[in-house]
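Worksheet: one structure, shown below.
Everything quoted here is computed from the prediction, not taken from an experiment. Sequential numbering from 1 along the given sequence is applied to the chain's residues.
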Amino acid sequence: MHLKERIFWHETTDMPAAREQTLPERVDVAVIGAGFTGLSAARVLAKRGARVAVLEAHTLGWGASSRNGGMVLTGLKLGVDTLRAKYGREAARRMFAASVASIDCVEQIVKEEGIQCDLVRSGHLEVACKPAHYEHFAKAAEIMAREYNHQVRLVPKSELRSEIGSDTYHGGLVDEASAGLNPARYVAGLARAAERAGALLYDQAQVERVERDGADFCLTTARGKLRAREVLVATSGYTGSATPQLRRKIIPIGSFIIATEVLPEALAREVSPRGRMIFDSKNFLYYFRLTPDRRMLFGGRAAFFPETPTTVRDSAEILRQGMLSVYPQLRDVGVEYVWGGTLDFAFDRMPHAGQLAGLHYALGYAGHGVAMATYLGTKLGERLAGGASDNPFEGVPFPGAPLGLYDGRPWFLPFAWAWYKFLDWIS
Ligand SMILES: Cc1cc2nc3c(=O)[nH]c(=O)nc-3n(C[C@H](O)[C@H](O)[C@H](O)COP(=O)(O)OP(=O)(O)OC[C@H]3O[C@@H](n4cnc5c(N)ncnc54)[C@H](O)[C@@H]3O)c2cc1C
């Protein structure tokens with residue numbers, strides 16, 4: 001299959017162009033990156049009277065925020081049992097509650113700002129690739145009910161056809177609190193909301209250097225220099241050499257998606273009778289859903305390295321084969337879109353927010369960023385505007401690479417690839 005990169009979501013919306021041209025001399029807060037994190041923070045800051053500039057290297061929403069699966073999910077990358085074992089009962093409770101609150105946060109912004117982004121509380125379905133994974137779901141469901149007062153529903157293999165038109169899996173877990181949306185429409189709406197609130201948005205404004213300048217920071221950008229009292233780094237998987245201290249803590253990992261032609265109504269109902277956000281239980285997972293116009297959108301880590309024309313091109317056929325292994329009935333359905341984006345993984349696979357070398361940051365979403373980036377961006381914006389800090393991810397230790405063997409160029413990805421393949425094989 002020879003498909004050129006085309007991002008389905010981009011063709012469903014007009015991304016707003018940044019109107020600002022000339023940088024002001026000084027702002028209260030400079031935000032680096034115009035995705036969910038940066039724009040959510042800028043919106044809140046501007047509403048609270050701060051002078052804020054958002055500096056985006058490409059176009060508004062260019063990064064993962066307009067390229068993702070649009071799954072607005074409860075929970076974190078780490079399972080609930082690991083979370084409790086690692087951080088203790090109380091902290092784990094607060095973190096899990098934040099993951100649920102992050103969906104309310106998205107819903108509230110969408111409502112308040114009138115963003116037309118097809119947000120629907122469709123729930124998510126996690127499917128078990130092995131019988132042991134289903135047993136693990138049962139344990140997780142019990143912990144969520146007992147410890148977090150959060151109800152999910154187990155679906156045994158015999159009943160799975162009511163949730164998914166596939167016989168590949170060994171059971172499922174449904175969480176009705178999760179939702180789906182069109183991420184490009186959502187990030188476009190966030191940009192418009194931030195601008196309406198008074199934030200200054202700049203595209204083609206790559207930040208090249210950030211230096212201390214007395215009590216301020218001085219940012220050197222492709223559009224010139226700017227001074228700021230505070231700097232918020234919201235660059236996620238695209239964190240680069242302008243902020244080397246953060247780049248060393250984030251592993252950029254490619255994720256890829258295909259979207260089919262529009263499915264006939266009956267076939268769409270067969271493959272996903274309830275329109276859930278679906279993902280499987282492997283480390284190398286597949287995630288998939290119907291789009292609002294009834295295409296099958298099917299994503300996964302077809303390559304580990306971030307998107308390039310080669311990794312995107314190769315992903316189309318790899319993902320089509322993956323899709324057919326789940327849904328053989330889609331054999332004659334054409335694939336019309338393929339694209340890639342970069343995820344940001346911290347070494348502990350947790351989201352992190354806080355301050356490093358004076359710079360504020362929120363990143364490390366590990367594929368759970370639609371809701372969490374909105375939430376952490378909003379929380380950071382509130383705090384920088386003088387509000388209270390009630391963010392359970394602030395102050396969580398932010399580990400770097402073991403032995404410091406990492407300068408931001410992920411030479412170890414092929415080894416990590418092999419390791420996770422091995423784990424999927426044995427677990
Ligand atoms: C293919 C894919 C599928 C995904 N699916 C889901 C999903 O279904 N559900 C979910 O919850 N999460 C998903 N995610 C993750 C989610 O999209 C991200 O966690 C989230 O969008 C991160 O938002 P952000 O604003 O922090 O970063 P981004 O949206 O990546 O924005 C960062 C921006 O910073 C800019 N930037 C970088 N360096 C500089 C610089 N020096 N100067 C100026 N600008 C700079 C970049 O150009 C970029 O636009 C997916 C991600 C990918 C890639």
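Within the 4.5 Å cutoff, no side-chain heavy atoms of Glu270 are placed close to those of Pro264. The closest side-chain heavy-atom distance from His368 to Pro351 is not below 4.5 Å. The shortest distance between side-chain heavy atoms of Thr291 and Val262 does not fall below 4.5 Å. Contact of the Ile103 side chain with the Glu107 side chain is not registered, since no non-hydrogen atoms from C-beta on lie closer than 4.5 Å. Considering only heavy atoms from C-beta on, Ile318 stays 4.5 Å or farther from Phe256 through its side chain.
Phe298 meets the ring-ring contact (aromatic ring centres under 6.0 Å, His included) test with Tyr286, Phe288; sequence neighbours excluded. Judged as a side-chain hydrogen bond (donor to acceptor under 3.5 Å, both in side chains), and not counting sequence neighbours, the contacts of Asn182 are Thr12. His150 meets the ring-ring contact (aromatic ring centres under 6.0 Å, His included) test with Phe96; sequence neighbours excluded. Partners of Arg153 under the side-chain hydrogen bond (donor to acceptor under 3.5 Å, both in side chains) rule, at least two apart in sequence or in another chain, are Glu163. A search for side-chain hydrogen bond (donor to acceptor under 3.5 Å, both in side chains) contacts involving Arg331 returns nothing, not counting sequence neighbours. Every residue two or more places apart in sequence or in another chain that forms a salt bridge (charged side-chain N to carboxylate O under 4.0 Å, His left out) with Glu142 is listed here: Arg146. Residues satisfying the ring-ring contact (aromatic ring centres under 6.0 Å, His included) test with Tyr87, not counting sequence neighbours, are none. With sequence neighbours left out, Thr13 forms a side-chain hydrogen bond (donor to acceptor under 3.5 Å, both in side chains) with no residue at all. Qualifying ring-ring contact (aromatic ring centres under 6.0 Å, His included) partners for Phe137, counting only residues two or more places apart in sequence or in other chains: none. Under the rule for a side-chain contact (heavy atoms from CB on, under 4.5 Å), the partners of Leu181 that lie at least two apart in sequence or sit in another chain are Val72, Val106, Cys117, Leu119, Pro183, Tyr186, Val370.
Arg276 pairs with exactly one of Glu176, His124, Glu126 by the side-chain hydrogen bond (donor to acceptor under 3.5 Å, both in side chains) rule, that one being Glu176.
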Take Arg94 and Asp390 through the test salt bridge (charged side-chain N to carboxylate O under 4.0 Å, His left out) and record every step on the way to the result.
-> CA-CA 10 Å; Arg94 291 181 63 225; Asp390 59 346; over 6 Å; no
Would Arg269 and Glu265 count as a salt bridge (charged side-chain N to carboxylate O under 4.0 Å, His left out) if you check the C-alpha gap in whole Å, the side-chain angles of each, and the deciding distance to 0.1 Å?
-> CA-CA 6 Å; Arg269 213 173 316 116; Glu265 228 169 280; 3.8 Å; yes
Output, in order, the C-alpha distance, side-chain angles, deciding distance and verdict of salt bridge (charged side-chain N to carboxylate O under 4.0 Å, His left out) for Glu317 and Arg320.
-> CA-CA 5 Å; Glu317 187 52 32; Arg320 194 179 88 91; 3.6 Å; yes
From CA spacing to verdict: salt bridge (charged side-chain N to carboxylate O under 4.0 Å, His left out), Glu394, Lys379 = CA-CA 10 Å; Glu394 278 202 49; Lys379 286 281 171 209; over 6 Å; no
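Counting only distance, with no hydrogens or angles, the side chain of Tyr238 and the backbone of Gly63 share no donor-acceptor pair below 3.5 Å. Looking at Ser178, its side chain does come within 3.5 Å of a backbone N or O of Thr74 through a donor-acceptor pair. Checking side-chain atoms of Arg295 against main-chain N and O of Phe8 turns up no donor-acceptor pair under 3.5 Å. A donor-acceptor pair is defined here as one N or O able to donate and one able to accept, closer than 3.5 Å; such a pair exists between the side chain of Glu261 and the backbone of Gly334. A donor-acceptor pair is defined here as one N or O able to donate and one able to accept, closer than 3.5 Å; such a pair exists between the side chain of Asn68 and the backbone of Ser65. The main-chain N or O of Phe398 is found under 3.5 Å from a side-chain atom of Lys249 such that the two form a donor-acceptor pair. Of the possible donor and acceptor atoms, one in the side chain of Ser166 sits under 3.5 Å from a partner among the backbone N and O of Val326. Distance alone, capped at 3.5 Å, places no donor-acceptor pair between the Lys47 side chain and the Gly198 backbone. In terms of modelled atom types and a separation under 3.5 Å, the side chain of Arg67 and the main chain of Gly340 share a donor-acceptor contact. Looking only at distances, no side-chain donor or acceptor of Ser236 sits under 3.5 Å from a matching main-chain atom of Asp344.
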Using residues 200-208 as the side-chain source, report each donor-acceptor pair under 3.5 Å to any protein atom, sequence neighbours left out, with the distance given to one decimal.
| unit_1 | atom_1 | unit_2 | atom_2 | d |
| --- | --- | --- | --- | --- |
| Tyr202 | OH | Thr22 | O | 2.9 |
| Asp203 | OD1 | Arg223 | NH2 | 3.2 |
| Gln204 | NE2 | His58 | O | 3.4 |

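Contacts classified as salt bridge (charged side-chain N to carboxylate O under 4.0 Å, His left out) and involving residues 68-86 (residues at least two apart or in different chains) are given here: Arg84-Glu147.
The environment of Asn149 atom CG is sparse: at most 12 non-hydrogen atoms of other residues, nucleotides or ligands sit within 6.0 angstrom.
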